[in-house]
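To start, the structure itself, in structure tokens.
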Amino acid sequence: MIIKKIGTSQLGKSGGEADRTGGKREDETTSLETLRTSLGSGNTLGRGILLEGRYEVEQVIGYGGMSTVYRARDTRFSQTVRVCAVKEMFDISTDPNVRQDKLKRFEEEANFLALLNHPSIPQIFDFFPANERRYLVLEFIEGKNLETLLEERGAPFEEKQVLEWAVTLCEVLAYLHNHKPKPIVFRDMKPSNVMVREDGRLVLIDFGIAKNFQSEKGTMIGTEGYSPPEQYKGLALQGGDIYALGATMHQLLTNSDPRVEIPFTFHERLPQALNPKISLQAQTVIMKALEFDIARRYASVEDFRAALLNVLGRNETASPTLSSASAVSLRPAIAGVGTRDLNSDYERGTGLNFQTSGIAAARSAGVTGINPTTAGFLRPGQTEEAPTSSNPRRGPGGSNSTLALGGRQRGTASVEPETIGPPEDLPIATEVWNFACEEEVRSSPIVHNGVLYVGCYDSNLYALDARNGSFLWKSPTQAGVCATPCIADKAVVIGSEDGSLYAFETIKGQQVWSVRTGGPIRGSARFYAPMVFFGSGDQHIYCVEARTGKVVWKQRTWQPILSTPTIVAGIVYIASTDRHLYALDGNTGNVKWRFQALEPIVSSPLVQDNFVFIGSQDGHLYAIDTSTSWPLWKFKTGNLVNSSPAYANGKVYVGSVDGYLYCLEAKNGKLLWKFNTGHQVTSSPKVADGTVYFGGVDGNVYALDAEKGTPRWFYPTEGSISSSPAIENGIVYIGSNDNHVYALNAK
């Protein structure tokens with residue numbers, strides 16, 4: 001539940017009371033009439049309405065997805081003015097099951113609060129039904145929430161202040177997490193749910209989604225940006241509150257709102273990078289709390305609190321669940337910081353620094369000169385300097401190679417080495433054969449039953465003997481072919497710039513059928529028996545019968561499609577240059593969900609372990625939950641991502657126009673290594689037998705160790721390579737814009 005607070009700075013004051021400036025107080029709340037219009041007729045109570053013959057409504061102070069909060073006066077106290085907060089459940093849902101669920105959650109909140117007794121948690125005074133609605137009467141909190149204070153300030157808070165607040169919030173969370181008979185997980189920690197009283201004390205409000213600790217899967221409830229990864233899957237775990245408090249601290253210290261960012265990308269926005277005043281020790285603690293993997297966060301809020309106190313230079317032994325500090329937010333300034341070395345915590349906590357296992361492996365392989373500033377591998381005797389006449393380039397587009405590990409020097413932005421390309425002593429692969437076509441080979445080859453199929457810009461589909469490259473047959477289209485062939489039963493299917501999808505016999509190459517669309521077909525088709533799916537430049541996604549080519553359905557997008565579909569469990573995943581990734585029902589073509597990137601998408605989706613991985617021309621690789629369409633993480637490269645990702649052993653590989661091939665941890669997007677070619681990488685990598693293969697615009701085919709990223713060999717062609725490799729029986733097959741198809745020994 002998300003509740004928007006309105007004008008909390010003036011709540012509890014009568015309408016005619018003068019403010020501290022001596023002027024008449026201006027009512028900061030939206031008028032009841034305006035709110036009644038925005039929330040819908042009948043959804044707000046008018047001023048003066050009496051509830052239960054006791055609570056007189058004065059004004060609206062907040063509203064959200066399932067409730068409205070009013071300031072009210074308890075008229076039972078005739079000799080004094082007692083102000084309270086009345087929370088009203090309103091519901092316009094037509095589904096009775098949804099209505100029942102909302103009512104159940106509302107009643108759970110009342111029962112939770114009735115059991116709690118803590119100075120930083122509002123007291124509950126009453127709970128009653130009326131007029132088919134439910135009402136909760138709470139202690140009225142005088143003050144402002146942290147989000148309002150941050151907005152008014154317009155700049156980050158001081159580090160010491162935020163650390164003090166966080167210590168207090170850890171104490172409140174510790175009280176909840178240690179609650180008997182069952183722990184309570186708050187699940188919605190964020191600045192707008194933390195009130196600061198006028199005396200400086202903190203109060204945690206809005207327990208509408210708090211629930212008993214459980215590990216069963218349920219519905220994701222919370223606020224995007226603050227909620228941890230496991231909460232998106234419906235898991236209410238104590239470590240989720242640690243993550244959300246870390247996100248809250250990040251926002252208060254940087255004035256960067258996580259709700260406008262892709263979830264789980266705090267590692268791209270380190271606190272020090274956004275606010276240089278933040279200490280390394282504070283950043284270390286925050287980033288450990290924000291670990292994607294719950295097992296790598298603090299084991300408890302007590303541990304989190306201890307780390308915060310260490311940064312503050314304090315060593316308190318009082319129990320956080322009993323300490324009076326839980327009700328006090330501001331303490332006298334204490335100079336100095338803790339003496340414990342937090343560097344190891346930072347290395348474990350951020351996911352952006354050294355991958356020590358990779359370094360150890362590189363050292364064992366004879367790679368030396370690991371530079372902590374660049375976090376890169378240097379060859380023996382190599383220094384960080386730009387290419388010069390004494391440091392010549394090697395091959396069509398490269399010079400000395402650099403393998404850069406994911407990371408930064410602690411507190412220092414990384415500086416990429418300027419040397420590029422393969423090492424001077426890198427072996428050149430052994431060529432098995434090559435075949436000359438008449439024009440560029442941008443198509444990616446496939447191998448089926450000992451035959452290699454590949455398209456060419458000379459308007460032909462070629463069939464070659466995969467063993468020796470001898471010509472078997474070619475079949476013409478009416479324009480160039482850059483798509484990758486697809487085997488559908490006994491036919492090979494491929495699209496053409498002429499706007500048609502063709503099916504040719506695999507044995508002799510005779511045309512079986514063709515389907516005409518209204519634009520060039522540059523993406524590849526995919527067979528999912530008994531249908532073939534593909535996209536067209538006419539802005540449509542097609543489903544046709546593999547046997548006849550008859551169109552079963554087509555679905556409109558809003559820009560041409562260059563992406564190739566992936567079909568998993570009857571769901572078609574395909575992207576469009578309209579910036580969307582689509583998930584379609586394979587039977588009907590109906591859109592199940594859409595995910596929107598910031599720029600066009602030409603990359604093709606990879607589906608693995610309930611994630612969809614896809615690149616975008618906004619420079620990011622995204623990991624998207626297949627069931628919810630929520631982005632679980634994104635990784636930023638230095639330029640467009642036109643390459644399609646590959647997956648192996650928990651890792652995702654993708655190229656970028658910035659010249660790098662990246663290796664990322666699939667579950668959280670952490671950079672493991674990257675290899676610099678010095679030129680664009682639009683080829684899509686393939687992984688086989690512990691080696692990742694790809695081509696570069698520098699004209700080289702590369703083979704890298706898939707675990708460490710160290711180069712094993714390269715092969716120079718005489719043209720740029722946009723084709724992606726196929727690996728079969730120890731042979732790497734790939735096309736080049738030098739008009740040739742190459743077969744290389746994979747070893």
(message) How close do P191 and Q251 get, counting heavy atoms only, and between which atoms?
(response) CG-OE1, 3.5 Å
(message) Using the rule given for salt bridge (charged side-chain N to carboxylate O under 4.0 Å, His left out), can you reason through D199 versus R197, listing the C-alpha separation, both sets of side-chain angles and the distance that settles it, and then say yes or no?
(response) CA-CA 5 Å; D199 61 4; R197 294 181 183 268; 5.2 Å; no
(message) Treating N193 as the side-chain partner and D188 as the backbone partner, does any N or O pair qualify as donor plus acceptor under 3.5 Å?
(response) yes
(message) To check you understand the geometry: which heavy-atom pair defines the closest contact between L237 and E230, and what is its length?
(response) CD1-CG, 4.1 Å
(message) To the nearest 0.5 Å, what is the distance between CD on Q123 and NE2 on H118?
(response) 12.5 Å
(message) Show, in sequence, the C-alpha distance, side-chain angles and deciding distance for S627 and N610, and conclude whether the side chain to side chain contact (heavy atoms under 4.5 Å, CB included) test is met.
(response) CA-CA 7 Å; S627 59; N610 299 318; over 6 Å; no
(message) Once rounded to the nearest 0.5 Å, what's the spacing between atom CG of L252 and atom CD of Q161?
(response) 9.5 Å
(message) Let me confirm one number: the NE2-OG distance from H250 to S256, rounded to the nearest 0.5 Å.
(response) 6.0 Å
(message) Checking the side chain of K288 only, and the main-chain atoms of R296 only, is there a donor and an acceptor separated by less than 3.5 Å?
(response) yes
(message) Nearest 0.5 Å, please: how far is CD1 in I278 from CG in L163?
(response) 9.5 Å
(request) State, with a plain yes or no, whether a side-chain heavy atom of F266 is found less than 4.5 Å away from one of M287. (result) yes
(request) Look at the side chain of W165 and the backbone N and O of M249, then say whether any donor-acceptor pair between them is shorter than 3.5 Å. (result) no
(message) Strictly distance-based, threshold 3.5 Å: is any side-chain N or O of R47 a donor or acceptor partner for the main-chain N or O of E58?
(response) yes
(message) Could you check whether any side-chain heavy atom of L116 comes within less than 4.5 Å of a side-chain heavy atom of H179, counting everything from C-beta outward?
(response) yes
(message) So V86 and L45, do their side chains get closer than 4.5 Å, heavy atoms only?
(response) no
(request) Go through L632 and I624 one step at a time and tell me if the side chain to side chain contact (heavy atoms under 4.5 Å, CB included) criterion holds. (result) CA-CA 5 Å; L632 300 178; I624 300 158; over 6 Å; no
(request) Give the minimum heavy-atom separation between R259 and T223, together with the two atoms involved. (result) CD-CG2, 4.0 Å
(message) Could you work out, with side-chain hydrogen bond (donor to acceptor under 3.5 Å, both in side chains) as the rule, every residue matching T557, not counting sequence neighbours?
(response) S576
(message) For R556, give me all partners under salt bridge (Lys or Arg N to Asp or Glu O under 4.0 Å), at least two apart in sequence or on another chain.
(response) none
(request) Measure up the Y622 and H620 rings against each other and bin them: parallel (under 30°), tilted (30 to 60°), perpendicular (over 60°). (result) tilted
(message) Looking at S616 and E599, would you say the former's side chain and the latter's main chain have a donor-acceptor pair under 3.5 Å?
(response) yes
(message) Could you report the tightest heavy-atom contact between R579 and Q596, atom names first, then the distance?
(response) NH2-NE2, 2.8 Å
(message) Determine whether a donor-acceptor pair (N or O, by modelled atom type, separation under 3.5 Å) exists between the side chain of S120 and the backbone of L202.
(response) yes
(request) Find out whether L204 and M189 are in side-chain contact, i.e. whether some heavy atom of one side chain is under 4.5 Å from a heavy atom of the other. (result) yes
(request) Side-chain contact test, heavy atoms from C-beta onward, threshold under 4.5 Å: evaluate it for V301 versus L176 and give yes or no. (result) no
(message) Do the side chains of K144 and E151 get close enough for a salt bridge, i.e. N-O under 4.0 angstrom?
(response) no
(message) I'd like to know if the side chain of R153 reaches the main chain of A155, judged simply by a donor and an acceptor atom lying under 3.5 Å from each other, with no hydrogens or angles considered.
(response) yes
(request) Quick one: pull up CD in E139 and CD1 in I141 and give me the separation to the nearest 0.5 Å. (result) 4.0 Å
(request) Mark yes or no for whether D241, through its side chain, and F186, through its backbone, hold a donor-acceptor pair below 3.5 Å. (result) yes
(request) With sequence neighbours excluded, tell me which residues meet ring pair (Phe, Tyr, Trp, His ring centres under 6.0 Å) with Y582. (result) H580
(message) Between L51 and E88, is the side chain to side chain contact (heavy atoms under 4.5 Å, CB included) condition met? List the steps.
(response) CA-CA 11 Å; L51 296 171; E88 175 197 51; over 6 Å; no
(message) Nearest 0.5 Å, please: how far is CZ in R82 from CZ in F140?
(response) 13.0 Å
(message) Is any side-chain heavy atom of Y55 closer than 4.5 Å to one of C84?
(response) yes
(request) Evaluate the side-chain proximity of C170 to L308: yes if any heavy-atom separation is below 4.5 Å, no if none is. (result) yes
(request) Answer yes or no: is there a side-chain heavy-atom contact under 4.5 Å between V137 and F128? (result) yes
(message) When you measure from the side chain of T75 to the backbone of R54, do you find a donor-acceptor pair of N or O atoms at a distance under 3.5 Å?
(response) yes
(message) The test is salt bridge (charged side-chain N to carboxylate O under 4.0 Å, His left out); show your working for R305 and E171 and say whether it passes.
(response) CA-CA 8 Å; R305 175 180 179 271; E171 292 161 358; 2.9 Å; yes
(message) Using only atom types and a distance under 3.5 Å, with no angle test, would you say the side chain of R297 pairs donor to acceptor with the backbone of E291?
(response) yes
(request) Look at the aromatic rings of F264 and F292 and report parallel, tilted or perpendicular, splitting at 30° and 60°. (result) perpendicular
(request) Assess whether side chain to side chain contact (heavy atoms under 4.5 Å, CB included) is satisfied between I205 and N145, documenting all intermediate values. (result) CA-CA 9 Å; I205 63 173; N145 66 58; 5.5 Å; no
(request) Write down the atom of D618, the atom of A597, and the distance for their closest heavy-atom approach. (result) OD2-CB, 3.6 Å
(message) Please give me the minimum heavy-atom distance between A236 and R187, naming the atom from each residue.
(response) CB-CD, 3.6 Å
